[in-house]
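Computed from heavy atoms alone, side chains included, the values below leave out hydrogens, waters and symmetry copies.
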There are 2 protein chains.
Amino acid sequence: MCQTLSVRDDLQDLPVLLLSAARALVDGIDTGVRARGFTDLRPAHGFAFVRLSGTGATVGELAEHLEITKQAASQMADELVNKGYVERRPHPSDARARLLVLTAKGVACTRAADAAAEETLRPWAEALPAGQLAALRAALLRLATPGRIRPTW
Amino acid sequence: MCQTLSVRDDLQDLPVLLLSAARALVDGIDTGVRARGFTDLRPAHGFAFVRLSGTGATVGELAEHLEITKQAASQMADELVNKGYVERRPHPSDARARLLVLTAKGVACTRAADAAAEETLRPWAEALPAGQLAALRAALLRLATPGRIRPTW
DNA sequence: CAGATTTAGTCAAGTAGGTTGACTAGATAG
DNA sequence: CTATCTAGTCAACCTACTTGACTAAATCTG
């Protein structure tokens, strides 16, 4: 019962802590990406890049990933095309659809984001006792809803 | 060096994991709050409630906490007043300012949010090995920027 | 203590990023 | 082959924010 109380106490401020940590991470990545010269992007675009990197995606798939309408996703795609991060290609197997693919600049930007993320997290991870990082990953993995990254609030 | 590689690997997907966990938590709280009858609020309002609970706050203080302009904070305050969660009182020591305070309904709502948060996190916390929860808290505490909760992306 | 400056809050207008609804061109099912 | 469904876009609108202008109260200064 004492154990139960302690769990309850630890639970108390965990929401604030978790949100604050997420916020700190996003701020860190955003700062690092800007410092690397990509000043015309905001964190929201990063969530799109996650889906587009690799084989690319259609507007509909991007919309689903971001949990917004196809119209909004199409608008964001326009913006990323205009800024040179994304290219619209004909879809190989469906003439209605078009494949959104990262340009070289887009790929460079994702590399910058990865570097910024590591830069943000490494000192923090290294300050943790041995093995804690893996444990933390495992714990977060349990709580996380796979695929749902983008906050909607 | 093998150690370094392992840290690097664990770091790799931590951003996604952390954001996904934060998202799952907010979704859980939102669902729980709605289930308890508060259907006219969105997660964004919760960040305001955090600051208003206790002694209350002025519009300016709320704006600072949410990192938005005073005008936007004032607008949100209007909305919360109209919906019966908040009351505008004369400020005890400054006739220009007005104190925003939670009504009984507002307090009930924060209790509902606390219950929803615990409901969301408890089964997850209980599945963790003994002591992991405290370690997680400590780790998040290091990463977190105090006070900055609300995501801006 | 009188006048100048700062601060708390609001009003009004503009903007960014989403929404719903209507539509076209191409894919797919009967 | 026709009918229906699906990918995407255009247009109008909505909402939560922004910037700018202002009033009233507090505070600073000589």
Side-chain angles (χ1 to χ4, degrees), chain A residues 23 26-27 30 39-52 55-83 85-101 148-153, chain B residues 23 26-27 30 39-52 55-83 85-101 148-153:
Chain A
R23 167 68 189 273
V26 171
D27 282 354
D30 187 50
T39 55
D40 58 354
L41 293 176
R42 288 165 302 100
H45 296 120
F47 296 103
F49 278 62
V50 168
R51 184 63 180 86
L52 297 183
T55 56
T58 65
V59 165
E61 288 163 346
L62 181 60
E64 189 179 14
H65 178 251
L66 298 178
E67 297 177 87
I68 57 179
T69 59
K70 284 190 298 182
Q71 292 91 323
S74 180
Q75 207 167 297
M76 179 182 275
D78 281 343
E79 185 191 347
L80 291 176
V81 167
N82 288 335
K83 290 180 175 169
Y85 294 98
V86 168
E87 200 181 24
R88 278 186 216 259
R89 286 200 208 156
H91 194 285
S93 65
D94 188 337
R96 295 169 303 177
R98 294 202 275 172
L99 203 55
L100 302 171
V101 185
R148 313 194 109 176
I149 303 174
R150 178 194 170 245
T152 49
W153 58 92
Chain B
R23 166 68 190 271
V26 171
D27 282 354
D30 186 51
T39 54
D40 57 354
L41 294 176
R42 287 164 304 100
H45 297 119
F47 297 102
F49 277 62
V50 167
R51 183 65 183 82
L52 296 182
T55 56
T58 65
V59 164
E61 289 163 346
L62 181 61
E64 189 180 14
H65 179 250
L66 297 178
E67 297 176 86
I68 56 178
T69 60
K70 284 190 298 180
Q71 292 90 322
S74 180
Q75 206 167 298
M76 181 183 274
D78 282 343
E79 185 191 346
L80 291 176
V81 167
N82 287 336
K83 290 179 175 170
Y85 294 99
V86 168
E87 201 181 22
R88 277 186 219 258
R89 285 200 209 155
H91 194 285
S93 65
D94 189 336
R96 295 169 302 179
R98 293 201 276 172
L99 202 56
L100 302 172
V101 186
R148 314 194 109 176
I149 302 174
R150 178 195 171 245
T152 49
W153 57 92

Shortest side-chain distance from B:Val59, nucleotide among C:dT10, C:dG17, D:dG8: C:dT10

Earlier contact from the 5' end, DNA chain C, for B:Glu61 and A:His45: B:Glu61

Options C:dG18, C:dG21, D:dT18, nucleotide nearest the side-chain atoms of A:Met76: C:dG18

Expected output: side-chain B:Arg23 to main-chain A:Arg150 donor-acceptor under 3.5 Å: yes

Atom-to-atom span, NE2 of B:His91 to P of C:dT7 - whole angstrom: 16 Å

D:dT9 phosphate, OP1 or OP2, under 4.0 Å from A:Arg88 side-chain N/O: yes

Exercise: identify the closest heavy-atom pair between A:Arg51 and A:Gly56: NH1-O, 3.9 Å

Euclidean distance, atom CG of residue A:Asn82 to atom C1' of C:dA16 [Å, nearest integer]: 15 Å

Nearest-angstrom distance from the residue atom CD of A:Gln71 to P of D:dC14: 16 Å

Sugar-phosphate, base or nothing in reach of A:Ser74, heavy atoms under 4.0 Å: sugar-phosphate

Earlier contact from the 5' end, DNA chain C, for B:Lys70 and A:Ser93: B:Lys70

Separation of atom CZ in A:Phe47 from atom C1' in C:dG17, rounded to whole Å: 15 Å

Spacing of A:Asp78 atom CG relative to D:dT9 atom P, expressed in whole Å: 7 Å

Interatomic distance where CD1 belongs to A:Ile68 and C1' belongs to D:dG8 [whole Å]: 14 Å

Euclidean distance, A:Glu87 CD relative to A:Arg89 CZ, rounded to 0.5 Å: 5.0 Å

Inter-residue atom distance B:Leu52.CG - B:Tyr85.OH, 0.5 Å rounding: 13.5 Å

DNA chain C-proximal residues of residues 94-101 of chain B, any heavy atom under 4.0 Å: B:Arg96, B:Ala97, B:Arg98

Rounded distance in Å - CG (A:Leu66) to C1' (C:dT19): 15 Å

SB check A:Glu64 A:Lys70 (cutoff 4.0 Å): no

Contact under 4.0 Å: B:Thr69 side-chain N or O vs D:dT19 OP1/OP2: no

Interatomic distance, B:Glu79 atom CD to B:Arg42 atom CZ [nearest 0.5 angstrom]: 6.0 Å

Separation of D:dT9 P from A:Leu62 CG (nearest whole Å): 11 Å

Residues in side chain to side chain contact (heavy atoms under 4.5 Å, CB included) contact with A:Ala48, at least two apart in sequence or another chain: A:Leu62, A:Leu66, A:Met76, A:Leu80

Closest listed nucleotide, where the reference is the side chain of B:Arg42 and the choices are D:dC17, D:dA16, C:dT19: D:dA16

Heavy-atom donor-acceptor pair, B:Lys83 side chain to B:Asp40 backbone, under 3.5 Å: yes

Check: A:Glu61 side chain, A:Thr58 main-chain N or O, donor-acceptor pair, under 3.5 Å: yes

The helix from C:dC1-D:dG30 to C:dG30-D:dC1: angle between end helix axes, five pairs per end, rounded to 10 degrees: 30°

For the student: nearest non-hydrogen atoms of A:Arg88 and A:Ser74, plus distance: NH2-O, 3.5 Å

